[in-house]
Amino acid sequence: MTGNQQPDHRQSAHEPKHKKDLTRRKVVVAGAGAAVAVGAAGTLAASGAFASETSTTASASGSSTASEACYKLTSETTEGPYYIDADKIRQDITEDKEGIPLTLRLKVIDSESCKPIADAAVDIWHCDALGIYSGYEASSTGGGGTPPSGAPSGFPTGEPPSGAPSGGTGGGVHQDPTDDERYLRGTWKTDKHGQVTFRTIFPGWYRGRCVHIHTKVHVNGAWTDAGYEGGNTCHTGQFFFDEESVLASAEVEPYSTSTTERTTLTEDTIYDQSGTTGGLLKLKYNKKNIARGVIGSITMGVDPDATNDNTTR
């Protein structure tokens, strides 16, 4: 615990493990050698797989300038029911999951000053190529193929996993994890330029939602040998993929084995249709061979003094 934390903000020892106080957050790193790495090594270089890439970009809600497109806050969206307070401090979250390689390059800036926010803890989590979430394999029904043992025929409470239509508020009620899997989840630290890079796979889809990645940004806390502690969650959002890239991914195994009807970007009830401000990624890939890999990037404009958990417990 850092010296400036108030005792009355401690998480109760009697609360369930997934519960999290809005003003205090702790990340536990498994293993004595798993201390957070800092510095130039924190940013991964793009692999040679992207040497002949082309780009696809959807128009943003506002025009970009040389100083950053930060005149609007990045849209807040629902956390959804499948968040696990980060216990994996890592940039490569792929584990053994099959799918199109995705390098996700994020930048976090103060939306008012346009200055980069260093030392923020950025979480990302998403489903696998067939729509299954780690930690919830028995309750996320996925997108076809062989379902996990004991998978129910529908979603909990009869609603899509990310909650009811909200335009940035509300969301699915948080659920306790049903298993110990943690693939496609991770947390990493922004560098002095506000940048952080993750290695993962292109997400699949499931009933009622377009293809997306969840994210949270935590600031004003402290990095220790045990992980990240304290501070506030200043942003809860989602990243989205344009239709051209999703259609291309659907031709590649294992995505092509999905039997679930896909919700398009324009049909999605969470994406606010505002382009970059709403979380729409800029994507680069070889249009003739998306299987070689994709680079996705976006700048998130946040209010570091705000608390935006967007949870329904």
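This one's a predicted model, so the numbers in the text were calculated from it and none came from an experiment.
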So CG of L106 and OG of S297: to nearest 0.5 Å the spacing works out to 8.5 Å

message: Quick check: do F241 and S249 have side-chain heavy atoms less than 4.5 Å from each other?
response: no

Distance col, row T276:OG1 vs K72:NZ, nearest 0.5 angstrom, shows 11.0 Å

Heavy-atom closest pair (E76 atom, N308 atom, distance to 0.1 Å) is OE1-CB, 3.1 Å

Exercise for review: Answer whether the closest heavy-atom distance between the side chains of Y271 and Q238 falls below 4.5 Å.
Suggested key: no

| task | Apply side-chain contact (heavy atoms from CB on, under 4.5 Å) to T77 and N310, showing your working. | result | CA-CA 7 Å; T77 63; N310 282 353; 5.5 Å; no

### Query
Any Lys/Arg nitrogen of E79 or K216 sitting under 4.0 Å from an Asp/Glu carboxylate oxygen of the other?
yes

Query raised in the report: Quick one: are Q273 and T266 in side-chain contact, heavy atoms under 4.5 Å?
Result: yes

Quiz item: Under 3.5 Å, is there a donor-acceptor pair between the side chain of T190 and the main chain of V196?
Solution: no

Nearest heavy-atom approach of V294 to L283 is CG1-CD2, 4.1 Å

Side chains of H212 and P203, heavy atoms from C-beta outward: is any pair under 4.5 Å? no

Per ring-ring contact (aromatic ring centres under 6.0 Å, His included), Y133 is matched among Y206, Y83, Y183 by Y206

>> Is any side-chain heavy atom of W223 closer than 4.5 Å to one of D119?
In response: yes

TODO: Answer whether the closest heavy-atom distance between the side chains of I109 and V302 falls below 4.5 Å.
DONE: no

(Q) Are the side chains of T200 and H126 in contact, using a 4.5 Å heavy-atom criterion? (A) yes

field: Pairing of R182 and E95 as salt bridge, 4.0 angstrom limit
entry: no

So, T257 side chain and P254 main chain: donor-acceptor pair closer than 3.5 Å or not? yes

Discussion item. Check K115 with D110, please: is the shortest side-chain N to carboxylate O separation under 4.0 Å?
Written reply: no

All heavy atoms of V108 vs all of V122, minimum pair found to be CG2-CG2, 4.1 Å

task: Fit a plane to each ring of H218 and Y228, take the angle between them on a 0 to 90° scale, and name the class: parallel (under 30°), tilted (30 to 60°) or perpendicular (over 60°).
output: tilted

Heavy-atom closest pair (F240 atom, C210 atom, distance to 0.1 Å) is CD2-SG, 3.5 Å

Applying side chain to side chain donor-acceptor pair (under 3.5 Å) to S75 and not counting sequence neighbours gives D272

Set out, in order, the CA-CA distance, both residues' side-chain angles and the distance that settles side-chain contact (heavy atoms from CB on, under 4.5 Å) for Q175 and Y82, then state yes or no.
CA-CA 7 Å; Q175 300 176 32; Y82 298 151; 3.9 Å; yes

- Residue pair D309, T233: steps toward the side chain to side chain donor-acceptor pair (under 3.5 Å) verdict: CA-CA 6 Å; D309 255 8; T233 303; 3.2 Å; yes

Value for CG (L102) from CD1 (I295), rounded to nearest 0.5 Å, stands at 9.0 Å

Hits for side-chain contact (heavy atoms from CB on, under 4.5 Å) against D303, two or more places apart or cross-chain, chain-then-number order -> L73, D305, A306

With sequence neighbours left out, the residues meeting salt bridge (Lys or Arg N to Asp or Glu O under 4.0 Å) with E181 are none

Distance-only, no hydrogens or angles: does the Y255 side chain make a donor-acceptor pair with backbone N or O of F202 under 3.5 Å?
yes

Apply side-chain contact (heavy atoms from CB on, under 4.5 Å) to L184 and K97, showing your working. CA-CA 8 Å; L184 305 180; K97 303 308 291 183; 4.1 Å; yes

Closest non-hydrogen contact found for V219 with A120 is CG1-CB, 3.9 Å

- Is the backbone of G135 close enough, under 3.5 Å, to the side chain of D179 for a donor and an acceptor to pair up by distance? yes

When I117, V217, N232 are each screened for side-chain contact (heavy atoms from CB on, under 4.5 Å) with P304, the one that passes is I117

Residues passing the salt bridge (Lys or Arg N to Asp or Glu O under 4.0 Å) test with E243, sequence neighbours excluded, are R262

When rounded to the nearest 0.5 Å, the distance separating CD1 of I290 from CD of E251 is 10.5 Å

Note to self: Determine whether a donor-acceptor pair (N or O, by modelled atom type, separation under 3.5 Å) exists between the side chain of W205 and the backbone of T260.
What the structure shows: yes

Residues at least two apart in sequence or cross-chain that pass ring-ring contact (aromatic ring centres under 6.0 Å, His included) with F239, listed by chain then number, are none

In this structure, CD1 of I201 is separated from CD1 of I93 (nearest 0.5 Å) by 8.5 Å

Checklist line | E267 atom CD: more than 12 heavy-atom contacts under 6.0 Å | finding: yes

Sequence neighbours excluded, the answer for side chain to side chain donor-acceptor pair (under 3.5 Å) partners of T178 is none

key: Flag, side chain of W188 to backbone of T197, donor-acceptor distance under 3.5 Å   = no

Between T187 and D123, is there a side-chain donor-acceptor contact under 3.5 Å, judged purely by atom types and distance?
yes

- Query: Any luck finding a side-chain donor-acceptor pair between T263 and D268 under 3.5 Å?
  - Reply: no

Q.
Could you check whether R185 and S134, counting side-chain N and O atoms only, form a donor-acceptor pair closer than 3.5 Å?
A. yes

Rounded to the nearest 0.5 Å, the OG atom of S140 sits from the CG atom of D128 at a distance of 7.5 Å

Heavy atoms of K288 and N286 approach each other most closely as N-OD1, 2.9 Å

If we only count heavy atoms from C-beta on, is the R199 to Q91 side-chain gap below 4.5 Å? no

Side-chain donor or acceptor of T74 paired with backbone N/O of T277 under 3.5 Å = no

